[in-house]
Student: 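One structure is given below, represented as C-alpha cells, and several questions about it will come after.
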Number of protein chains: 2
Amino acid sequence: MVKAERIRIYDVARVAGVSVATASKALNDTGRMTEETRRRVKQTAAALGFRPNAMARALTQQRSFTIGLLTNDTYGRFTLPVMAGVSEALVDQGVSVFLCGIEDDAALARLHLDAMLDKQVDGIIATGKRIDRRLPVDLSHLPVPVVYAFTEGPDDAVTLVSDDAQGAREATQWLAQIGRKALVHITGPESFVSVAARAGAFRAVAGRGAQVLHGPWSEAWGHAAIAKLWDGDAPRPDGIFCGNDQIARGVVDALRERNVEVPGDVSVIGFDNWEIVAAATRPPLTTIDMNLKELGREAGRLILDLAEGKPVEPGIRKLPCKLVLRQSCGGDAIAVRNQEEMLQES
Amino acid sequence: MVKAERIRIYDVARVAGVSVATASKALNDTGRMTEETRRRVKQTAAALGFRPNAMARALTQQRSFTIGLLTNDTYGRFTLPVMAGVSEALVDQGVSVFLCGIEDDAALARLHLDAMLDKQVDGIIATGKRIDRRLPVDLSHLPVPVVYAFTEGPDDAVTLVSDDAQGAREATQWLAQIGRKALVHITGPESFVSVAARAGAFRAVAGRGAQVLHGPWSEAWGHAAIAKLWDGDAPRPDGIFCGNDQIARGVVDALRERNVEVPGDVSVIGFDNWEIVAAATRPPLTTIDMNLKELGREAGRLILDLAEGKPVEPGIRKLPCKLVLRQSCGGDAIAVRNQEEMLQES
DNA sequence: CCTCAATGGAAAACCCTTTTCTCAATATTG
DNA sequence: CAATATTGAGAAAAGGGTTTTCCATTGAGG
C-alpha cells in the first residue's frame with residue numbers, strides 16, 4: 001500500500017496552464033473554449049492519469065454513482081448472472097454496485113438497505129430467486145428509484161422477469177418439431193407462478209391432455225417421476241420437458257438406469273441452463289436459458305435512466321428465453337436445417 | 001419513490017433544543033455534556049429516524065465506509081460464501097461492499113478497480129477460485145490496503161487460504177478410522193498447488209504407496225477413474241478420497257453403476273461441500289468444507305483493521321477445514337461414538 | 001470609440017458532519 | 001471573597017475536490 005498523492009483537477013489545470021474551471025469544462029465537454037485548449041487539457045489529464053474524485057463529484061452532481069443490489073438468493077444461481085449483467089451495463093458509466101445478500105432476514109435486509117441509503121446510492125435493484133415472492137423488506141417509499149428483477153414488486157413498479165410461457169413454448173414446440181408425439185412435463189410445485197405459466201404454455205402446444213407432473217425442484221423428483229411413468233401401465237412418453245435442469249438430470253439418469261436411450265428413445269429438455277448441471281449430465285442437457293445476464297443489463301440500464309430522472313414506463317417487462325441445444329434432445333439434423341433457414345432469412 | 005426530506009443532524013439539534021455541535025457529540029459519545037442532554041439528543045435522533053449521511057461523514061473522517069471485493073470467480077462457487085462472510089463481518093460497522101466480477105479480463109479489472117478507487121474505498125479484498133493464481137491486475141501499489149482471500153498475492157501481503165493439507169488429513173484419517181485399509185485419492189490436475197498439498201497429506205496418512213490419480217475437475221473424470229480402478233487387475237480400494245465434490249459424485253455414480261455399494265463396500269469422501277452437488281449425490285456426500293464463509297469474515301475483519309490503521313501481520317494465514325458427515329462414508333456408529341467422546345471431553 | 005462574441009478565470013456552491021475553539025456558568029480552592 | 005479550575009454547550013470552521021455561475025479580458029468588426 002502506497003499513499004501516492006492523487007492527481008487532482010487542480011494539478012491538471014496547473015500543468016495545462018489553465019484554471020480549474022476551464023479544466024473542468026474541458027474534461028466534461030461543457031462550457032466554451034477553443035478546441036485546442038480542450039484538447040490540451042484532456043491530453044494533460046490523460047498524461048497525469050487524472051481521475052475525478054467520485055466523492056467530490058457526488059457533492060455537486062447530487063449523484064453518488066453507486067447503486068445497490070439486494071438479493072435473497074444465497075446460492076447465486078439467479079443473482080450472479082443478473083449481477084454480471086448489471087455490472088456490465090454500469091461499469092462503463094463509472095457506476096459501482098453494492099451487493100447485499102439478505103437471505104430471508106428482514107432485519108438484515110433493513111440493515112443493508114439503511115447502509116446503502118446512508119451512502120446515497122442512486123438507485124436500488126431488487127432481485128431474488130422467485131418471481132412470485134417479495135423480498136422481506138418494503139422498498140416502495142424510498143428516496144431513490146427501485147427496479148425489480150426476477151422478484152415481485154409493487155404493481156406500479158418497474159419489474160423485469162423472464163418470459164416463462166415463451167420459454168416453455170419454445171421447448172415444447174421444439175420437441176414437437178423433431179417428431180416427438182407423446183409429451184410430458186415434469187416440473188416443480190404448483191404453487192410457483194412460473195410453474196403454472198410454463199405448464200400452461202406446455203399444454204397449449206402439447207394438447208390439453210398432455211400430462212404435467214408436479215413435485216419438488218430436485219433430481220430425486222426427476223427419478224421418482226420416471227419411476228411413476230415407467231413402472232405403470234400407461235403409455236410412455238417420448239418427449240419430456242422438465243421444469244428445471246436438476247429435475248432433467250434426475251430424469252436422464254433414471255432413464256439411463258432403465259436402459260432407455262436419451263436422446264435415441266426419449267428426448268429431454270431442461271430449464272435454466274445451469275451449466276454446472278446441464279453440462280455434467282450424460283448426455284449434456286438441451287435446455288432453456290432465461291437470459292438472466294441480459295435481464296441484468298436491462299435492469300442496469302433502467303436504474304440508470306431512473307437515476308438520471310428520465311421517464312421510465314412502470315410495469316412488468318418479460319424478456320424472452322432461448323433454447324440452448326446440447327445432446328439430450330436429438331433432432332440435430334433438424335436443428336442444423338432450421339439454423340440454416342434462419343441464416344437465409346436474415 | 002418518495003423524495004422524503006432526509007432528517008439531518010441539524011433537524012435533530014433543533015428539535016432537541018441544542019446546537020448541531022452538541023448533537024454530533026451526543027450521538028458519537030464524544031465531547032462533554034450532561035448525561036441528560038446526551039440522552040435527550042439520542043432519543044430525539046431515534047424518534048426522528050435520523051441517520052448520518054455517510055458521504056458527509058466520509059469528508060471529515062477520511063473514510064468512505066465502503067470496501068471493494070474483486071473476484072474472477074464467475075460461478076460464485078468460492079466467491080459467494082466468501083462474500084457472505086465479508087458482508088456479515090462488515091455490515092454491523094456500517095460498511096458496504098462493492099462486488100466486481102472481472103472474469104479474467106485485465107482491462108475490465110482495471111476499469112472496476114479505478115471506479116472503486118475513485119469512490120475512495122477504504123480497502124480491497126481480492127478473491128479468486130484458485131489459491132495459486134493471481135488476479136489479472138496488480139494491486140500492490142494502491143493507496144488503500146488489500147487483503148487476498150483464496151487467491152495468490154505478493155509475498156508481503158495479507159493472505160487468507162484454507163488449509164488444504166489439514167483438510168485432506170481429516171478426510172484420510174477418517175477413512176482410516178472407520179476401518180478402510182486400501183485408500184485411493186482421485187483428484188484434479190497436478191498443476192494445482194492445492195492438489196499437491198492435499199495429495200501430500202493423503203500420502204502422509206495413507207502410506208507412501210497409496211495411489212493418487214490426477215485428472216480434470218469433472219464428474220466425467222470420477223467415472224473414468226473408477227473405470228480404470230475396477231477394470232484392471234489391481235486390488236480395488238475400499239476408501240476413496242476425492243479432490244472435489246464433482247469428482248466424488250462421478251465416483252459414486254460409477255460405483256453404483258457397477259453395483260458396488262456406497263458406503264457398504266466402499267467409502268467415498270469429497271471436497272468442497274458444495275451443497276448442490278454433495279446433497280444431490282446418492283447417497284449424499286461426506287465431504288470437506290473449506291469454511292469459506294469464515295474465511296470471508298476473517299478477511300472482512302482484517303481489511304477493517306487495516307483501514308483503521310491498526311497493525312496487521314503480513315503473511316499467509318491458513319484456516320482449517322472441517323469434515324461434514326453425510327452418508328457416502330458410513331462408519332456412523334464410529335461417528336456417533338466419537339462425537340459423544342468429544343462432548344464428554346468438553 | 002463602442003459593441004459584441006469568444007474565451008477563460010475567480011470564487012461560490014455543493015453537502016452535512018465533525019472538530020476546534022471559545023465562552024459563560026458553576027464549582028473549587030486558598 | 002477573590003482567583004482559578006471545571007463543566008456544559010455553542011459558533012464557526014474544516015473537511016474535500018469538483019462543478020457551475022458569473023464576470024473579466026481580449027480581439028474583431030462596425
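Only heavy atoms go into these numbers, but all of them, side chains included; no hydrogens, no water, no symmetry mates. Residue numbering restarts at 1 for every chain, and letters A, B, ... go by the order of the sequence lines.
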Student: Would you kindly give the CD1-to-C1' distance between B:Ile9 and C:dC16, to the nearest whole Å?
Tutor: 9 Å
Student: Please list, one pair per line, the donor and acceptor atoms closer than 3.5 Å that link side chains of residues 300-316 of chain B to other protein atoms, with sequence neighbours excluded.
Tutor:
residue  : atom : partner  : partner atom : Å
B:Arg301 : NE   : B:Glu298 : OE1          : 3.2
B:Arg301 : NH2  : B:Glu294 : OE2          : 2.9
B:Arg301 : NH2  : B:Glu298 : OE1          : 2.9
B:Glu308 : OE1  : B:Lys310 : NZ           : 3.2

Student: Just by modelled atom types, is the A:Gln120 backbone N or O under 3.5 Å from a matching donor or acceptor in the A:Ser64 side chain?
Tutor: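 The answer is yes, because a donor-acceptor pair under 3.5 Å joins these two groups.
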Student: Does the pair B:Leu27 and B:Val41 meet the rule for a side chain to side chain contact (heavy atoms under 4.5 Å, CB included), with working shown?
Tutor: CA-CA 7 Å; B:Leu27 296 173; B:Val41 173; 4.1 Å; yes
Student: With the threshold set at under 4.0 Å for non-hydrogen atoms, list the residues of residues 56-65 of chain B touching DNA chain C in residue-number order.
Tutor: B:Ala56, B:Arg57, B:Leu59, B:Thr60, B:Gln61
Student: Report the distance from atom CE of A:Met55 to atom C1' of C:dT17, rounded to the nearest whole Å.
Tutor: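 To the nearest whole Å, that distance equals 12 Å.
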Student: Give the minimum heavy-atom separation between B:Pro81 and B:Leu292, together with the two atoms involved.
Tutor: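 Looking at all heavy atoms of both residues, the closest pair is CB-CB, 3.7 Å.
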Student: Are there over 12 heavy-atom neighbours, none belonging to A:Asp92, within less than 6.0 Å of that residue's CG?
Tutor: yes
Student: Apply salt bridge (Lys or Arg N to Asp or Glu O under 4.0 Å) to residues B:Asp29 and B:Arg38 and explain how you reach the verdict.
Tutor: CA-CA 8 Å; B:Asp29 282 324; B:Arg38 201 181 289 282; 3.8 Å; yes
Student: Quick one: does B:Arg130's side chain have a donor or acceptor within less than 3.5 Å of a partner on B:Val193's backbone?
Tutor: no
Student: Have a look at B:Met33 and say if it touches a base, only the backbone sugar-phosphate, or nothing, with a 4.0 Å heavy-atom cut-off.
Tutor: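 Here B:Met33 touches the backbone only, sparing every base.
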Student: Could you list where the contact with chain A starts and ends along DNA chain D, reading 5' to 3', using a 4.0 Å heavy-atom cut-off?
Tutor: D:dG16 to D:dT21
Student: What residues, two or more places apart in sequence or in another chain, satisfy ring pair (Phe, Tyr, Trp, His ring centres under 6.0 Å) together with B:Phe50?
Tutor: none
Student: Checking A:Lys293 now: which residues fulfil side chain to side chain contact (heavy atoms under 4.5 Å, CB included) with it, not counting sequence neighbours?
Tutor: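 Scan of A:Lys293 (side chain to side chain contact (heavy atoms under 4.5 Å, CB included), adjacent residues dropped) gives A:Ala84, A:Glu88, A:Arg297, B:Glu103.
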Student: Students often get this wrong, so: under 4.0 angstrom with heavy atoms, is B:Thr34 touching a base, only sugar-phosphate, or nothing?
Tutor: sugar-phosphate
Student: For A:Thr30, report the nucleic acid contact type (base, sugar-phosphate, nothing); a contact means any heavy atom under 4.0 Å.
Tutor: nothing
Student: So, is B:Asn28 close to the C:dT17 phosphate, meaning a side-chain N or O under 4.0 Å from OP1 or OP2?
Tutor: no
Student: Report, as yes or no, whether the 6.0 Å neighbourhood of atom NZ on B:Lys318 holds more than 12 heavy atoms from other residues, nucleotides or ligands.
Tutor: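 Counting other residues, nucleotides and ligands, NZ of B:Lys318 stays at 12 neighbours or fewer.
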Student: If you take any heavy atom closer than 4.0 Å to DNA chain D, which residues from residues 12-20 of chain B end up in contact?
Tutor: B:Gly17, B:Val18, B:Ser19
